[in-house]
Amino acid sequence: MKRLILNAGQLLTMSGPDRARCGKEMSSIGLVRDGAVLVEDGKILAAGLRDLVLKHEAAGDARIVDAGGRVVLPGFVDSHSHAVFAQPRLADFESRLKGETYEQIAASGGGIISTVNGVRGASEQILASGLAHRAERFLECGTTTLEVKSGYGLDIESELKMLRAIKSAAGHCLVEFVPTFIGAHAVPPEMAGRREEYVRRVCEEMLPKVAAEKLARFADIFCEKGFFTLEDSGRVFAAAAKAGLGLKIHSEQLSRSGSVAPAVAAKAASVDHLDCVDDADMKVLGGGGTVACLVPGSNYFLGKPYPPARKLIDRGAAVALATDFNPGTCPCWDMRMIVSIACTQMKMTPEEALVAATINGAHALGLGKTHGSLEPGKQADLLCYDAEDYREIPYYFGSTGAVWVMKAGAVAHAREGFKI
Ligand code: NIG
Ligand code: FE
């Protein structure tokens, strides 16, 4: 099916160099007024000024979609989530409202471990259908590509079950999943006090199996006091690289461990969270080879200070924004809300936040060549937003603004009564 989207009052192409946008480059959204996009077989044939797109030889017999003067932009690329789990953590939520901290709740058997118990008791099919159901909510908010982590299984069978659930959910929804193995998310309760032995198991047993079944594209680790050390991270990175997986790390979230420099040296695709980074870490991230993925929804939900987005960008880092959707620290699937939090709480500009939520998210997933911008040859993942000005996206926070969402050229979501 060929479609010609016309009358985009503001088309945000995000066009630019073939790498993550860093520092000042993050202000460039490739804005075209009265824009058009020509789509065929799931790919973009042309995007830009209406008159230029209309001249394309394939434009003649395409089905017209009138964007009605609205904003059209790439689908959001959410590069960090823990979206496979059985139950929400409502009791943890209440305990925190009464004053307990995330760390205290984790230490008393709540937190990640309570989700582990739920996942271990659930079938692959239940986990898959839960993920497919949630994926619809992501789509309604404009997310077309979503990274999803394991990490609530913590034994070989349960971790494989989670990753297989991601694979099978992919057949039941239009969101594209990028699976990440994070066996080193917490030490499982049955191995309490035997962290090093568990890390060996992650590296020597779990990772090779995950890679052999091609169940993950990345490996991740929670490098944090009470969870895993810098040395553990080095071991997991070495084993993951050997198995052919890309690297990610939960870095400097609750305390500083010094994990940024070694992760950048190991060519990690992204370092995520970064609440506690210092000047030296920010210097290492300037230049943008490794994406600094910020997840301010978790700061909002935990009531914690925000990571230094402004300083990171001013020092030349390539910042991405993601939800970190998970039942403990951020039960929010809405990238529009994350973009709004980034602007109001971290003082990112709307342009920077939208670059971070699209093209830089794609680069955090190694998908920058095919996703995250509206350029010829790229996948047709796009979103029509009920706004005349893109700044309305962070401004009307909490609103339901997506009119329609397209994934690989197919209509993935359309507001009721809206035909495209
Ligand atoms: O990114 N920090 C580790 N992992 C998640 C939290 C997971 C959970 O609490 O279930 C995060 O915030
Ligand atoms: Fe996380």
Side-chain angles (χ1 to χ4, degrees), residues 80-120 149-154 182-195 198-199 220-230 232-233 248-260 271-278 281 292-309 311-312 321-334 337-338 340-342 344-346:
H80 184 142
S81 92
H82 308 252
V84 180
F85 54 86
Q87 303 293 341
R89 295 217 299 267
L90 302 173
D92 287 10
F93 177 50
E94 269 206 296
S95 307
R96 246 196 344 275
L97 301 183
K98 289 182 185 143
E100 274 192 73
T101 65
Y102 180 76
E103 294 90 325
Q104 284 165 341
I105 292 167
S108 60
I112 293 175
I113 296 303
S114 66
T115 301
V116 170
N117 293 331
V119 163
R120 286 182 175 179
K149 300 179 198 294
S150 65
Y152 292 131
L154 309 185
I182 177 166
H185 196 196
V187 176
E190 64 278 10
M191 293 187 75
R194 290 150 62 203
R195 196 196 77 250
Y198 180 63
V199 171
D220 194 342
I221 178 165
F222 187 19
C223 183
E224 183 61 56
K225 238 184 247 152
F227 291 85
F228 296 96
T229 65
L230 205 50
D232 299 335
S233 308
K248 288 180 170 286
I249 184 164
H250 281 66
S251 172
E252 323 301 346
Q253 179 180 3
L254 307 168
S255 60
R256 186 175 179 279
S257 60
S259 60
V260 169
V271 286
D272 297 37
H273 284 276
L274 305 181
D275 302 46
C276 304
V277 282
D278 67 9
D281 298 329
C293 178
L294 307 183
V295 291
S298 66
N299 301 76
Y300 167 82
F301 193 68
L302 296 180
K304 295 209 161 194
Y306 289 86
K311 273 191 179 172
L312 280 160
L321 287 168
T323 58
D324 192 15
F325 177 79
N326 74 78
T329 66
C330 189
C332 171
W333 41 56
D334 189 350
M337 184 69 192
I338 304 303
S340 187
I341 294 175
T344 59
Q345 307 303 305
M346 303 197 298

Could you check whether D232 and T229, counting side-chain N and O atoms only, form a donor-acceptor pair closer than 3.5 Å?
yes
Could you check L274 against S251 for side chain to side chain contact (heavy atoms under 4.5 Å, CB included), going step by step and ending with a plain yes or no?
CA-CA 6 Å; L274 305 181; S251 172; 3.8 Å; yes
For the atom pair NE2 (H185) and CZ (F228), what is the distance rounded to the nearest 0.5 Å?
9.0 Å
Show the numbers, then the answer: is there a side chain to side chain contact (heavy atoms under 4.5 Å, CB included) between S150 and V84?
CA-CA 7 Å; S150 65; V84 180; over 6 Å; no
With heavy-atom distances below 4.5 Å as the criterion, would you say the side chains of S233 and C223 are in contact?
yes
Is the side chain of Y102 donor-acceptor paired with the backbone N or O of G111 at a distance under 3.5 Å, no angle test?
no
Before giving the answer on side chain to side chain contact (heavy atoms under 4.5 Å, CB included), spell out for I105 and F93 the whole-Å C-alpha distance, their side-chain angles and the decisive distance to 0.1 Å.
CA-CA 10 Å; I105 292 167; F93 177 50; over 6 Å; no
Test E103 against every option in K304, K225, R96 by the salt bridge (charged side-chain N to carboxylate O under 4.0 Å, His left out) rule and name the one that passes.
K304
Nearest-0.5 Å distance that lies between atom CD1 in I338 and atom CG in L294:
11.0 Å
To the nearest 0.5 angstrom, please state how far the SG atom of C276 sits from the CZ atom of R256.
9.5 Å
Starting at CG of D275, measure out to CG of L254 and round the result to the nearest 0.5 Å.
7.5 Å
Got a sec: does the OH of Y300 have more than 12 other heavy atoms crowding it under 6.0 Å?
no
About how many Å separate CG of D92 and CD of E100, when rounded to the nearest 0.5 Å?
8.5 Å
Between the OG atom in S298 and the CZ atom in F325, the distance rounded to the nearest 0.5 Å is 13.0 Å
Heavy atoms only: give me the nearest Y198-A184 pair and the separation to one decimal.
CE2-CA, 4.4 Å
Nearest atoms (heavy-atom pairs only) where H250 meets F222:
CB-CD1, 3.6 Å
All heavy atoms of A86 vs all of V119, minimum pair found to be N-CG2, 4.2 Å
Qualifying residue for side-chain hydrogen bond (donor to acceptor under 3.5 Å, both in side chains) with H80, from D220, D324, N326
D324
Quick one: closest heavy-atom pair of G297 and C330, and the distance?
C-SG, 3.5 Å
For E224 and S257, test the side chains for any donor-to-acceptor distance below 3.5 angstrom and give the result as yes or no.
no
For Q87, does the CD atom sit with more than 12 other heavy atoms under 6.0 Å from it, leaving out its own atoms?
no
For H82 against P327, the heavy-atom pair lying closest together:
O-CD, 4.1 Å
Taking atom CD of E94 as the centre, does the number of heavy atoms from other residues, nucleotides or ligands within less than 6.0 Å exceed 12?
no
Taking D272 for its side chain and C293 for its backbone only, find out whether a donor-acceptor pair lies under 3.5 Å.
no
Go through the steps to decide whether Q345 and N299 satisfy the test side chain to side chain contact (heavy atoms under 4.5 Å, CB included), and finish with yes or no.
CA-CA 10 Å; Q345 307 303 305; N299 301 76; over 6 Å; no
Might you point out which heavy atoms bring L154 and A186 nearest each other, and give the distance in Å?
CD1-O, 3.4 Å
Contact check, side chains of H273 and P307, non-hydrogen atoms, under 4.5 Å:
no
